[in-house]
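Only one structure is covered here, and it is reproduced in the block below.
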Amino acid sequence: MVKHYPKPNDPADDKERLNKTISNMEAAEEAMEFAEGKERASIKEKNERRAESIEDLKNEIQEEDKSRINGYI
């Protein structure tokens, strides 16, 4: 059995992940205009999770910047 380990958190790619998540959310918003029923609901749910992720990434970036300024990193 193969064990899967989580990737270590690399703060260097947080801004890239944030931009990618925002881009995905915008693309999904455009796709939602043409979606109906379950597909539309699925896109809406994913975008709600993306919105939470965006908030978390923004907070994480701010915390990393504060740590860098204070000399913790």
Quiz item: Which residues satisfy the side chain to side chain donor-acceptor pair (under 3.5 Å) test with E60, sequence neighbours excluded?
Solution: N9
Partners passing side-chain contact (heavy atoms from CB on, under 4.5 Å) against [X] (at least two apart in sequence or in another chain):
X	answer
E26	I22
K44	M32, E48
A35	E39, R40, I43

Quiz prompt | Pairs meeting criterion side-chain hydrogen bond (donor to acceptor under 3.5 Å, both in side chains) with involvement of residues 49-59, two or more places apart | solution = N47-R50
Self-check item: Side chains of I61 and E64 in contact at under 4.5 Å (non-hydrogen atoms)
Solution: no
Quiz item: Taking only residues two or more places apart in sequence, or in another chain, which ones meet R17 in a salt bridge (charged side-chain N to carboxylate O under 4.0 Å, His left out)?
Solution: D14
Quiz prompt | Qualifying residues under salt bridge (charged side-chain N to carboxylate O under 4.0 Å, His left out), relative to D13, sequence neighbours excluded | solution = none
